[in-house]
Number of protein chains: 2
Amino acid sequence: MTKKKISIKDIAKELGISITTISFIINGKAKEKRISETMIKTVEDYVAKVGYRPNYLAQSLRSGKSKVIVFMVEDISNSFFSNIARLIEERAYKSGYKIIYCSTENDADKAIELIQTFKNRNVDGFIITPTLGLEGEIKTLLSENFAVILFDRWIPSVECSHVIVENEKSCYEGTEYLIQNGCKRIVFVTLESEQTQMQDRLSGYKSAMKKHGLESLVFEEPFHTSSPDFMGDQIIDFLKSHEKVDAVFFATNYLAFEGLHAFRKMEVLIPEDLQVLSFDDHFFFGLHQPSISAIAQPIEQIAESLMNGILHQLNGVESTEVMKIELSNKLVKRGSTFRTV
Amino acid sequence: MTKKKISIKDIAKELGISITTISFIINGKAKEKRISETMIKTVEDYVAKVGYRPNYLAQSLRSGKSKVIVFMVEDISNSFFSNIARLIEERAYKSGYKIIYCSTENDADKAIELIQTFKNRNVDGFIITPTLGLEGEIKTLLSENFAVILFDRWIPSVECSHVIVENEKSCYEGTEYLIQNGCKRIVFVTLESEQTQMQDRLSGYKSAMKKHGLESLVFEEPFHTSSPDFMGDQIIDFLKSHEKVDAVFFATNYLAFEGLHAFRKMEVLIPEDLQVLSFDDHFFFGLHQPSISAIAQPIEQIAESLMNGILHQLNGVESTEVMKIELSNKLVKRGSTFRTV
DNA sequence: TTGAAAGCGGTACCAC
DNA sequence: GTGGTACCGCTTTCAA
């Protein structure tokens, strides 16, 4: 709009008043400070006319607040995270907060580095999917009174607010659903990961299998797969080397994509030869031929809980209570699973 | 780590030296300023010991630079954008820059608001997929010497660096490919949008059709579709109300997803009854049954060109030259298109 | 009701 | 080789 940056000083000089007065008016403290109506109007008009905007840096340097929340996830290009990101951004916006995204790539060093960086930028709060080894950093954050809320997974040893889903319960139910469909030999495909959400999913599967007196068949993909095909090949080997498998239950949707790719190569007939179920629904599952059954996480609710939680911490005065939220998932039944008995 | 924030002053006091010296050492100007080795070592050790990190806000308030680049796209949850985001983040990181993402949702007001906000945070550069109506804002940015680079689309009336792809050429070739496959009645499904990339794609299609003496059949989806099904139904109507259509060419992948969904409902046989081609490849196209042919944009090259361009502007002294880059796409032939003649 | 001035935590110019 | 100190632009006492 205008040419050069205009500061509060310029306005003061131009209007012949002090910067203090302007600051009060801009920050809505005019009434409180009993500034005259005339003065208020003069300043407001001028501010609007020149399109003045206070410099955020200076503001937050002085106030220690920045109205910025960091949204730190494992991988922002993962649709689960980017969808939540969008919802959060929207709500944050309404409350006058900005969101800064970043991806940790599950690398604790990178995560720590990012947290340090953002602390130095005076961000007010953090929404984090913690990587392993972030425990100390989170504790520090908490002790420094930053607003922090974890999601997707959490850290048992740290008393920190979090929003997660019923991983264990849903996987238990999902497994039981496959069993009810007549499957006996069910393979659970997961990542070799100690993250709580992965462990809980695995454990839900195992409990269900055990309860029904079935043998657990777990395929763990090493965390860093160089190529997507790699896992595809491995799972083919796994299936071939095991007695006929009735169903495969994937612990995340991207594992399912790799698996489906592999099944394509093997020319397996779904669901006739193999039933397929995946954790974490994805719109492609509805488009896939056949459509793939999945356990859908309540994206909107997660986003809402996160924002409520963090805003609560941000506004709340010394509300030390830790907020632990666990949301329910929904089993979406589609073509890849069906009752044979 | 430590308890309270430690500032350069604390270090000065503790070590009994001036903050100036410390500042020099921290900023690698020790040699230049001929600070003694002993002093350097003392300071560096102490800094490492207490884990001191300069406050970025203060730094950038003073220097006017922030080492931050804004990556402003239409929708960060769109995989095309989020994939580029990741690549860019990686490269930026190596050059000591941080990336801040945000989505405009194609809303010029929101975009302007965001740009204003970031200007006030002293960001150094902007990577933008411009919405319509952003012309003035971009011009201002340029005149204020911010580093700016547009991508995906551009603004003809503004002399601004940009990285785009050969939309017209690729769509011309894609259309011709369908024609060579024996298709005559080819529908081009696009958005009702004046954005350059959409216009160019449409125009490529039209030229090809015209050259081969075929009639252009264009279906334009109104920009804001309330539900994904909406367009699906509309395209079914469109196809039904037209003489037998041989092929559908989608201008973006999400349009293709909607379309494929509709074709599913119609029980159309692909490619026998209908050949399908889409602009902007997506990993799901390879998984779909049948796999979907697509025009793949060179993601890595785009990301690389963007970073090169912006870093060039950031480092370059008065390099007023505008950088216009147009990259080539690749036609990926899959099961949804095949030669019938 | 308004204004002066002291910071916030650095950087950079200029002395010593 | 080091140190003093005037800013950067704003918020926030405290005085007037």
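Everything quoted here is computed from the prediction, not taken from an experiment. Below, read A as the first sequence line, B as the second, and so on, with proteins coming before strands; counting in each chain starts at 1.
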Please work out if [X] contacts a base, only the sugar-phosphate, or nothing of the nucleic acid, heavy-atom cut-off 4.0 Å.
X: A:Ser36; result: sugar-phosphate
X: B:Tyr56; result: nothing
X: A:Leu57; result: nothing
X: A:Lys29; result: sugar-phosphate

- Message: Tell me if the aromatic rings of A:Phe71 and A:Phe151 count as close, with their centers under 6.0 Å from one another.
- Response: yes
N or O in side chain of [X] less than 4.0 angstrom from [N] OP1/OP2:
X: B:Thr20; N: C:dT11; result: no
X: A:Lys65; N: D:dT11; result: no
X: B:Asn55; N: C:dC8; result: no
X: B:Ser23; N: C:dT11; result: yes
X: A:Tyr52; N: D:dG9; result: no

- Task: Go through the side-chain N and O atoms of B:Ser157 and B:Glu135 and say whether any donor and acceptor fall under 3.5 Å apart.
- Result: yes
- Message: Does either side chain, that of B:Asn106 or that of B:Thr104, offer a donor lying less than 3.5 Å from an acceptor on the other one?
- Response: no
Please determine, for the side chain of [X], which listed nucleotide ([options]) has the closest atom?
X: A:Phe24; options: D:dG3, D:dT13, D:dC8; value: D:dT13
X: A:Ile19; options: C:dA5, D:dC8, C:dT11; value: C:dA5
X: B:Lys9; options: C:dC8, C:dA5, C:dT2; value: C:dC8

- Item | Atom-pair distance (NZ on A:Lys119; P on C:dG9), nearest Å | 15 Å
- Message: Given the structure, check if the side chain of A:Arg62 and the base of C:dG7 hold any donor-acceptor pair shorter than 3.5 Å.
- Response: yes
- B:Leu306 side, atom CG; B:Leu150 side, atom CG - distance, nearest 0.5 Å: 9.5 Å
- Item | More than 12 heavy atoms from other groups under 6.0 Å of NZ on B:Lys324 | yes
- Item | Heavy-atom neighbours of A:Lys13 NZ exceed 12 at 6.0 Å | no
- Note on the structure: Between its two end axes (five pairs each) the helix from C:dT1-D:dA16 to C:dC16-D:dG1 turns, nearest 10 degrees, through 50°
- If you measure from the Lys or Arg side-chain nitrogens to the Asp or Glu carboxylate oxygens, is any gap between A:Arg153 and A:Glu74 under 4.0 Å? yes
